[in-house]
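Below you'll find the structure, written out as structure tokens, and then a few comments.
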Number of protein chains: 2
Amino acid sequence: MTAPSPGATPSAAATGPDPVFAALADPTRRQILQAVGGRGDATATELAADLPVSRQAVVKHLQSLAAAGLVGSERVGREQRYRLTPAPLDEALRWMVDVGAAWDDRLDRLRRQFDR
Amino acid sequence: MTAPSPGATPSAAATGPDPVFAALADPTRRQILQAVGGRGDATATELAADLPVSRQAVVKHLQSLAAAGLVGSERVGREQRYRLTPAPLDEALRWMVDVGAAWDDRLDRLRRQFDR
DNA sequence: CCAACGTGCAACCATTGGGTTGCGAATGTA
DNA sequence: TACATTCGCAACCCAATGGTTGCACGTTGG
């Protein structure tokens, strides 16, 4: 998944899953992520219209998301348009899958040892 | 993945991906999660020995994780043993995959429309 | 039985974080 | 040119959070 998604600078893609998890922690931020993904393109003002928070709050959230490399922005005229760059999700995803997998492995090993 | 994992009560599994994402936000908490998964079984005191924080801090983290349904605990003698219950990870995982997928769909649609 | 160990509870502290408001600067439009 | 948007910056507020310490209560083993 997640082709390089051209256009929109990824704004310093921040290494490691840390910032991604941190970014995903907030419900509003996840909502914003979904919204900008669904629209394909959005400004802070547009997003704020559909949310119970101020534009400035949305801006801050978008900055967090940008810091995690989950969105990129591009200035067009007098507005700043954001778009999704979901690549960093992969790393976080992998982390979770690994934890689950390691656990299942352990269960398997125990089970096998028990069957013997 | 993530079989029901018997034993150890899931401690009120909390609905929705919210508590899971919240739980995963903290690096120490993720470390604890990995540690308890790797050992298969651990107490707060044991975990604290390998971490740069106090036992009480670990206890608090374990409570967060339990609230998210990611660990279950079981009292054995005078110690409280925690174990991984990674099932709730699935929901969070799905959320992320969905966001990524929706985005890829949009890209595809745009590309197809452009080719025409 | 008593000492040692491990847990659980509570108070407290400092920092982070989400949110708001206000304002000045840049850009598009009548 | 004058007006209306839209943005970006800064200051400020309050609640949540990660962390600590101290202490009292069960449990185990010599």
Side-chain angles (χ1 to χ4, degrees), chain A residues 8-9 11-12 14 16-36 39 41-83, chain B residues 8-9 11-12 14 16-36 39 41-83:
Chain A
T9 81
S11 313
D18 272 63
V20 177
F21 279 121
L24 295 179
D26 187 80
T28 306
R29 219 139 46 206
R30 286 199 304 276
Q31 221 176 321
I32 290 180
L33 213 60
Q34 278 185 312
V36 68
R39 297 163 175 254
D41 203 46
T43 74
T45 338
E46 287 169 11
L47 294 166
D50 292 353
L51 289 173
V53 298
S54 74
R55 171 184 65 96
Q56 288 300 338
V58 176
V59 171
K60 282 198 194 177
H61 283 307
L62 283 169
Q63 285 167 348
S64 300
L65 292 171
L70 289 172
V71 300
S73 65
E74 175 191 11
R75 177 153 220 137
V76 52
R78 72 177 148 189
E79 54 187 22
Q80 187 90 16
R81 307 209 64 86
Y82 291 84
R83 83 182 54 216
Chain B
T9 80
S11 313
D18 273 63
V20 177
F21 279 120
L24 294 180
D26 188 80
T28 307
R29 220 139 46 207
R30 286 200 303 278
Q31 222 176 320
I32 290 179
L33 213 59
Q34 278 185 312
V36 69
R39 298 162 174 253
D41 203 46
T43 74
T45 337
E46 288 169 12
L47 293 166
D50 292 354
L51 288 173
V53 298
S54 73
R55 171 185 65 96
Q56 286 301 338
V58 176
V59 171
K60 283 199 194 176
H61 283 307
L62 283 169
Q63 285 167 349
S64 301
L65 291 171
L70 289 171
V71 300
S73 65
E74 174 191 12
R75 177 152 220 138
V76 51
R78 71 178 148 188
E79 53 187 21
Q80 187 89 19
R81 306 209 66 85
Y82 292 83
R83 85 181 51 218

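Worth saying up front: this structure is predicted, and the values here are computed from it rather than measured. Every chain is numbered from 1, with letters handed out A, B, ... down the list of sequences. These numbers come from the heavy atoms of this one structure, side chains and all, not from hydrogens, waters or symmetry mates.
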### Message
Determine whether A:Ile32 and A:Asp26 satisfy the following criterion, side-chain contact (heavy atoms from CB on, under 4.5 Å), listing intermediate values before the conclusion.
### Response
CA-CA 10 Å; A:Ile32 290 180; A:Asp26 187 80; over 6 Å; no
Pick out the pairs of N or O atoms, protein on one side and nucleotides 27-30 of chain D on the other, that lie under 3.5 Å.
| unit_1 | atom_1 | unit_2 | atom_2 | d |
| --- | --- | --- | --- | --- |
| D:dT27 | O2 | B:Arg78 | NH1 | 3.2 |

### Query
Can you tell me how far P of C:dG28 sits from CZ of A:Arg81, to the nearest Å?
14 Å
### Euclidean distance, atom CD of residue B:Gln63 to atom C1' of C:dA10 [Å, nearest integer]
12 Å
### Summary
On a heavy-atom basis, the closest approach of B:Ala23 and B:Ala68 is CB-CB, 3.9 Å
### Task
Please identify each residue that fulfils ring-ring contact (aromatic ring centres under 6.0 Å, His included) with B:Phe21, with sequence neighbours left out.
B:Trp95
### Closest non-hydrogen atom pair between A:Arg78 and A:Arg75, with its separation
O-NH2, 3.8 Å
### salt bridge (Lys or Arg N to Asp or Glu O under 4.0 Å) partners of residues 42-60 of chain A, not counting sequence neighbours, each pair once
A:Arg39-A:Glu46, A:Arg39-A:Asp50, A:Glu46-A:Arg81
### Query
Do you know the tightest heavy-atom contact between A:Val71 and A:Leu62?
CG2-O, 3.8 Å
### Query
Taking only residues two or more places apart in sequence, or in another chain, which ones meet B:Ala22 in a side-chain contact (heavy atoms from CB on, under 4.5 Å)?
none
### Task
With DNA chain C as reference, determine whether A:Ser64 or B:Gln80 sits nearer its 5' end, using the nearest nucleotide of each.
B:Gln80
#### Entry: Nucleotide D:dT5, atom C1' - distance to CD of A:Glu46 in whole Å
13 Å
#### Entry: Summary of salt bridge (Lys or Arg N to Asp or Glu O under 4.0 Å) pairs that have at least one residue in residues 27-36 of chain A, sequence neighbours excluded
A:Arg30-B:Asp18
### Message
So, does B:His61 get its side chain near the phosphate of D:dT17, meaning an N or O under 4.0 Å from OP1 or OP2?
### Response
no
### Query
Where along residues 53-60 of chain A does a heavy atom fall under 4.0 Å from DNA chain C?
A:Val53, A:Ser54, A:Gln56, A:Ala57, A:Lys60
### Task
Take the protein atom CG of A:Leu24 and the nucleotide atom C1' of C:dG17, then report the distance between them rounded to whole Å.
16 Å
### Query
Which atom names give the shortest non-hydrogen contact between A:Ala44 and A:Val59, and what distance separates them?
CB-CG2, 3.7 Å
### Message
Tell me every residue that passes side-chain contact (heavy atoms from CB on, under 4.5 Å) with B:Ala35, counting only those two or more places apart in sequence or in another chain.
### Response
B:Leu47
## Note on the structure
Within residues 25-32 of chain B, the residues having a heavy atom closer than 4.0 Å to DNA chain D are B:Asp26, B:Thr28, B:Arg29
### Query
Rounded to the nearest 0.5 Å, how far does CD of A:Glu79 lie from CD of A:Glu74?
10.5 Å
### Message
Using whole Å, what does the distance between atom P of nucleotide C:dG17 and atom CG of A:Leu65 come to?
### Response
14 Å
